[in-house]
Amino acid sequence: PLQVPALGLHVRGPAMLASQKDFNNAVSQVKLLKEDPGNEVKLKLYALYKQATEGPCNVPKPGMLDFINKTKWDAWNALGSLSKEAARQNYVDLVSRLSASSESPSPEAPAADRKQPESDSLVVTSEDGITTIRLNRPAKKNALTTQMYHDIIAALQAASKDESAITVLTGSGDYYCSGNDLTNFTHLPAGGLEEMARSAAALLRDFVNCFIDFPKPLVAVVNGPAVGISVTILGLFDVVYATDRASFHTPFSHLGQSPEGCSSYTFPKIMGSSKAAEMLLFGKKLTAQEACAQGLVTEVFPDGTFQKEVWARLKAYSKLPPNAMRISKQIIRNREKEKLHAVNAEESSVLRERWQSDECMNAIASFLSRKAKL
Ligand SMILES: CCCCCCCCCC/C=C/CC(=O)SCCNC(=O)CCNC(=O)[C@H](O)C(C)(C)COP(=O)(O)OP(=O)(O)OC[C@H]1O[C@@H](n2cnc3c(N)ncnc32)[C@H](O)[C@@H]1OP(=O)(O)O
């Protein structure tokens, strides 16, 4: 099947297309879903519904500050000339996947039957004693949507209990990750900005806690540039391998924000206070070699041989006795677990305030209006 890149959906041949009745059933089924599928999936459903019922996007683009309607318009418009019939089929397929996964009972399923993430933006696989969690939104430089934070939390919880010896986080495409998806902040809930900041801080705290508590060796395979939270949490990994194409950028001041991922504690500890300040206060971007010299990265590999060399090494490590690796990791981490939790709580609470500030709102509006690229 062909892929519609923006949404990761499939276009099938005419013989397999869903009927109007199937579509109507799926529309009713959506209202019966037990779990909220998250904003990104809801956006996909919206776009496919519009395409299936009205055809290609035919209304004017909403103004830049009309965030919600602009995001919906973008999703619909991204479907291009996809036929009404194919959109109907994709809608039916998506609803059927959502219904199946909301009925899946076992969060502790073994690797082969692991409950897959809610969206296609995260892919989890287990092979050769390694569970790999892959960020899979290459068209958006693997920016993290709200759903992806939830899916990563679930994937880490499953990996902590599965049979694998090592867990890896990596990205698809040319970027490792461009950090928080800045459009996360444009979906204002009923409680307004204050409620959005409260729930974002709670999610951030849960997300980072999973990295602090992760019980097995955790390795970052940094396949390209990394921004924001994807950089800060590296301080909580056991090993970080990077391609020489990678860079490490934490533009928090530019965004009116402040450090997270325990970086206010781990970065000064890893690289010394003044190098950490240059990154966290002034947003200095490090090359892979600089990040390695400062201890944030374990080893840098030439891009041409990066995947081959890193995976060969990880496969060898994954054959080491898993219990010994687990125990060694825990004895190292236990020395400062309490401290890390306290730092995470403080950083999340400071950000809750920051996200309500004019500095932050203006920076996000500026990114969305394309005036500022980092
Ligand atoms: C209830 C609310 C819940 C919220 C939950 C959040 C809780 C946790 C928050 C934790 C906080 C973390 C802080 C951070 O991570 S700060 C860092 C944020 N990231 C950025 O500021 C990066 C912004 N992106 C860029 O500057 C550039 O895109 C780039 C990464 C330098 C790449 O530039 P390049 O020219 O190569 O490519 P494009 O800009 O054309 O990008 C391709 C498309 O991807 C979109 N994109 C990229 N990054 C992001 C992003 N972070 N957020 C949203 N969208 C992103 C870009 O817009 C392009 O889209 P388009 O093709 O539709 O135009």
Side-chain angles (χ1 to χ4, degrees), residues 5-7 36 38-40 42-43 61 64 67-68 70-71 73-75 77-78 80 121 135 137-153 171-211 224-234 245-264 279-280 283 285 344 347-352 354-356 359-360 363-374:
L7 296 176
D36 183 337
N39 281 340
E40 191 176 8
K42 284 197 251 178
L43 204 54
K61 186 173 185 166
M64 142 191 112
F67 293 130
I68 294 177
K70 184 178 164 301
T71 308
W73 186 93
D74 283 340
N77 192 47
S121 304
L135 310 174
R137 272 186 100 204
K140 298 284 180 186
K141 310 292 180 194
N142 297 326
L144 298 171
T145 60
T146 305
Q147 183 62 48
M148 286 166 79
Y149 288 104
H150 288 292
D151 285 342
I152 293 169
I153 291 173
S172 296
D174 63 339
Y175 255 67
Y176 174 63
C177 174
S178 62
N180 186 43
D181 188 312
L182 294 171
T183 66
N184 286 339
F185 292 122
T186 59
H187 312 292
L188 270 193
L193 188 56
E194 205 176 326
E195 171 53 23
M196 190 200 70
R198 189 206 59 75
S199 70
L203 178 57
L204 172 65
R205 192 170 165 183
D206 289 349
F207 178 75
V208 175
N209 276 342
C210 280
F211 287 86
V227 185
I229 190 163
S230 71
V231 177
T232 56
I233 52 167
L234 292 177
R245 249 187 349 93
S247 55
F248 299 83
H249 193 193
T250 47
F252 299 128
S253 300
H254 299 68
L255 292 167
Q257 298 185 32
S258 51
E260 23 61 1
C262 291
S263 58
S264 62
M279 280 190 85
L280 297 176
K285 193 198 281 190
N344 182 27
E347 288 177 347
S348 303
S349 140
V350 170
L351 265 171
R352 180 175 168 179
R354 282 279 88 213
W355 286 327
Q356 297 176 66
E359 284 182 349
C360 179
I364 291 171
S366 173
F367 172 77
L368 296 174
S369 68
R370 295 273 166 227
K371 277 191 224 135
K373 262 194 190 168
L374 301 166

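Just follow the structure's listing: the first ligand is 1, and inside any ligand the first atom is 1. Bear in mind the structure is a predicted one, so any value in this text is a computation, not a measurement.
- Using 4.0 Å as the threshold, Phe207 has no heavy atom nearer than that to any atom of ligand 1.
- In this structure Phe185 satisfies the ring pair (Phe, Tyr, Trp, His ring centres under 6.0 Å) test together with Trp355, sequence neighbours excluded.
- Per-residue contacts place Trp355 under 4.0 angstrom from the following atoms of ligand 1 (heavy atoms of the residue considered): 9 (C).
- Heavy-atom contacts of Tyr149 reach the following atoms of ligand 1: 6 (C), 8 (C), 9 (C), 10 (C) (cutoff under 4.0 Å).
- A distance-only check finds a donor-acceptor pair linking the side chain of Glu347 to the backbone of Cys262 [under 3.5 Å].
- At a 3.5 angstrom cut-off on N or O pairs, Leu203 does not count as close to ligand 1.
- For the atom pair Arg205 CZ and Ser348 OG, the distance stands at 6.5 Å (nearest 0.5 Å).
- By the ring pair (Phe, Tyr, Trp, His ring centres under 6.0 Å) test, Phe207 pairs with Tyr149, Phe211, sequence neighbours left out.
- Residue-environment remark: CD (Glu194) stays at or below the threshold of 12 foreign heavy atoms within 6.0 Å.
- Other residues, nucleotides and ligands contribute over 12 non-hydrogen atoms within 6.0 Å of the CZ atom of Arg354.
- Two residues are said to be in side-chain contact when any heavy atoms from C-beta on lie closer than 4.5 Å; Cys177 and Leu144 meet this criterion.
- The closest donor-acceptor contact from the side chain of His249 to the backbone of Gly283 lies under 3.5 Å.
- Numbered from 1 in the order shown, with element, the atoms of ligand 1 that lie under 4.0 Å from a heavy atom of Ala143 read 49 (C), 50 (C), 51 (N), 52 (N).
- Against a heavy-atom cut-off of under 4.0 Å, Ala139 is close to the following atoms of ligand 1: 42 (C), 43 (C), 44 (O).
- Of the listed residues (Asn184, Asp174, Thr232), the one carrying the non-hydrogen atom nearest atom 4 (C) of ligand 1 is Asn184.
- The side-chain heavy atoms of Thr145 and Arg137, taken from C-beta on, include a pair separated by under 4.5 Å.
- Polar contact with ligand 1: absent for Thr146 (N/O pair, distance under 3.5 Å).
- With a 4.0 Å heavy-atom cut-off, ligand 1 is reached by no atom of Thr250.
- Within the listing of ligand 1, atoms 36 (O), 37 (O), 41 (O), 42 (C), 47 (C) sit less than 4.0 angstrom from a heavy atom of Lys141.
- At least one N/O-N/O distance between Asn180 and ligand 1 falls below 3.5 Å.
- Near Gln257, the atoms of ligand 1 lying under 4.0 angstrom from a non-hydrogen atom of the residue are 13 (C).
- Residue contact check: Gly228 has heavy atoms under 4.0 Å from atoms 14 (C), 15 (O), 16 (S), 17 (C) of ligand 1.
- Here is the list of ligand 1 atoms found below 4.0 Å of a heavy atom in Ile229: 10 (C), 12 (C), 14 (C), 15 (O).
- The main-chain N or O of Gly224 is never found under 3.5 Å from a side-chain atom of Asp174 such that the two would form a donor-acceptor pair.
- A heavy-atom separation below 4.0 Å is found between Ser199 and ligand 1.
- Considering each of Phe367, Tyr175, Phe252, the one bringing a non-hydrogen atom nearest atom 28 (O) of ligand 1 is Phe367.
- The shortest N or O to N or O distance between Gly179 and ligand 1 is not under 3.5 Å.
- Using a 4.5 Å heavy-atom threshold, the side chains of Thr183 and Asp74 count as separate.
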